[in-house]
2 protein chains.
Amino acid sequence: MFSIGEVSRRTGVKVPTIRYYEQMGLMAPSERSEGNQRRYGRGDVERLTFIRHARDLGFEIDRIRELLALSQHPEAPCEGADRIAGAHLTEVRQKIEQLKRLEAELERIVSHCGGHTVEDCYVIRALSDHGLCEHEH
Amino acid sequence: MFSIGEVSRRTGVKVPTIRYYEQMGLMAPSERSEGNQRRYGRGDVERLTFIRHARDLGFEIDRIRELLALSQHPEAPCEGADRIAGAHLTEVRQKIEQLKRLEAELERIVSHCGGHTVEDCYVIRALSDHGLCEHEH
DNA sequence: GATAATTCCTCTAGCGGCTAGAGGTTCAAG
DNA sequence: CTTGAACCTCTAGCCGCTAGAGGAATTATC
C-alpha cells in the first residue's frame with residue numbers, strides 16, 4: 001500500500017492533482033488508513049499512469065473518463081477509443097494550423113518594425129489599423 | 001456617442017467582454033448617460049479595436065495593457081513593443097513545436113490501432129504502457 | 001402619451017485543470 | 001515521546017471570458 005506522496009513520486013502526478021482527479025471521478029475514492037489517509041495499490045498507480053499519459057497527450061478530463069471506461073472492457077470493440085483519439089488528433093491539427101497563421105502574422109509585424117519611435121512602430125500601427133493585416137482574424 | 005451595444009457591433013467585441021475590459025483596466029470607465037448607461041466616443045472604439053486585434057494575435061491582457069501604454073507615447077522608442085511582440089512570437093513558435101510533437105505521437109498511436117477489441121487497441125495500450133511511447137512527455 | 005420590446009445596468013457564479021494556502025491531524029524516525 | 005514531515009479538508013485563485021438573475025433605462029410602435 002502506497003501513501004499519496006509515494007504514488008505521486010511513482011507517477012509524476014502532484015499530490016493535490018491526485019486528490020483533484022478523485023474529486024473529478026477519474027480515480028475512485030481509495031482505501032484509507034486508520035487515521036483517514038489515502039492508501040493506494042498497484043492498480044491505482046497504473047490507472048493514474050494512464051491518466052497522466054492521456055493528459056500529456058492533451059486529452060480532456062471528460063475524454064479520459066471515457067477512455068478509462070473503455071479500457072475496463074477488454075472484449076468490447078475499440079471503435080470508441082479510435083474515434084476519441086482521432087477526434088483529438090484533428091483538434092490538435094487545427095490548433096497547429098491556427099497557431100501557424102498567428103505566427104506568420106506576428107512574424108510579418110515584428111520584422112516590419114524598422115522605426116525607432118512608437119509613432120513609426122509597425123507593431124503598434126498594425127494593432128491600431130486593421131488595414132495592415134494580411135488575413136482576417 | 002455610442003451605446004455599448006453599438007460599440008460591440010462596430011468592434012466585434014461582445015458586450016460583457018467590453019465591461020470585462022473596463023474592469024481589467026484596459027478601457028477607462030466611459031461616460032454615462034443620465035440613466036447610467038455607458039456612452040462611448042470614436043477614441044473608445046479605436047482603443048477597443050486595438051485590444052481586439054491584440055487579443056486575436058494571442059497577446060495576454062497584461063501585455064495589451066503595456067502595449068496600450070506604449071501607444072500613448074508616440075515619441076518614445078519602440079523597443080518595448082518590439083520586445084513584447086518578439087517574446088510572444090517565440091511563445092507561439094514553442095507552442096507549435098509542442099503541438100507538433102503531440103501530433104506525431106497521436107498519429108502513431110491512432111494509425112497503429114488495427115485490433116478490433118479494446119484488448120488489442122493500440123490507443124488504449126499506448127496509454128496504459130509508457131514503454132510504447134516514442135518520446136518522453 | 002402609453003405600452004411593449006429591447007437594451008442596458010450590477011452582481012454573482014461558472015468554465016477547465018489545476019495550484020496555493022490556512023489550519024489542523026497522523027505518521028515514521030530517532 | 002518528541003519532532004518534523006507528510007497528510008487531511010476546505011476555500012479561494014489563476015485566465016479570459018460567459019451566463020444568468022433581477023431590475024432599470026431606452027427606443028419603437030400604436
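Letters A, B, ... are given to chains in the order of the sequence lines, protein chains preceding strands, and every chain is numbered from 1.
For C:dT19, the OP1/OP2 oxygens have a side-chain nitrogen or oxygen of A:Lys14 closer than 4.0 Å. Side-chain N/O atoms of A:Ser33 include none lying less than 4.0 angstrom from OP1 or OP2 on D:dC7. Listed pair B:Tyr21 / D:dG16 fails the phosphate criterion, with no side-chain N or O lying under 4.0 Å from OP1 or OP2. For A:Ser3 and D:dC7, the shortest distance from a side-chain N or O to OP1 or OP2 is below 4.0 Å.
A residue-by-residue look at B:Glu60 and A:Arg39 shows that A:Arg39 has its nearest nucleotide of DNA chain D further toward the 5' end. When each of B:Gln23 and B:Arg9 is assigned the nucleotide of DNA chain C bearing its nearest heavy atom, the one mapping closer to the 5' terminus is B:Arg9.
The main-chain N or O of B:Leu106 is never found under 3.5 Å from a side-chain atom of A:His88 such that the two would form a donor-acceptor pair. Side-chain atoms of B:Ser8 never come within 3.5 Å of backbone atoms of B:Ile4 as a donor-acceptor pair (strictly under, hydrogens ignored).
Atom pair A:Leu26:CG and C:dG16:P shows a separation of 12 Å (rounding to whole Å applied). Atoms OH (A:Tyr20) and P (C:dA20) sit 15 Å apart, rounded to a whole Å. Rounding to whole angstrom units, CD1 of residue B:Ile51 and P of D:dG16 are separated by 13 Å. C:dC8 atom P lies 13 Å from atom CZ of B:Phe2, rounded to whole Å. Taking atom CD1 of A:Ile18 as the reference point, atom C1' of D:dC8 lies 14 Å away to the nearest angstrom. Rounded to an integer number of Å, the gap from A:Arg65 CZ to C:dG17 C1' is 12 Å. A straight line from CD of B:Glu34 to C1' of D:dT26 spans 12 Å, rounded to a whole angstrom. In this structure, B:Ile4 places its CD1 atom 13 Å from P of D:dT18, rounding to the nearest Å.
With contacts defined as side-chain heavy-atom distances shorter than 4.5 Å, the pair A:Leu57/B:Ile109 qualifies.
Closest contact between the side chain of A:Gln37 and the listed nucleotides D:dC7, C:dT19, C:dC8 involves D:dC7. Of the candidate nucleotides D:dC17, C:dT19, D:dC8, D:dC17 has the atom nearest to the side chain of B:Arg55. Considering only the side chain of A:Thr17, C:dT19 comes nearest among D:dG16, C:dT19, C:dT10. In this structure, the nucleotide among C:dC18, C:dC27, D:dG16 sitting nearest to the side chain of A:Ile61 is C:dC18. Taking only side-chain atoms of A:Arg38, from C-beta outward, the nucleotide of D:dT18, D:dT9, C:dC8 with the closest atom is D:dT9.
A salt bridge between B:Lys95 and A:Glu103 is absent, with no side-chain N of the basic residue lying under 4.0 Å from a carboxylate O of the acidic one. Using a 4.0 Å cut-off between charged side-chain N and carboxylate O, A:Arg9 and A:Glu6 make a salt bridge.
Nucleic acid contact class of B:Phe59 (heavy atoms, under 4.0 Å, all strands): none. When heavy atoms are screened at a 4.0 angstrom cut-off, A:Arg19 is found touching base atoms of the nucleic acid.
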Apply side-chain contact (heavy atoms from CB on, under 4.5 Å) to residues B:Ser3 and B:Arg39 and explain how you reach the verdict. CA-CA 5 Å; B:Ser3 70; B:Arg39 291 292 176 260; 3.7 Å; yes
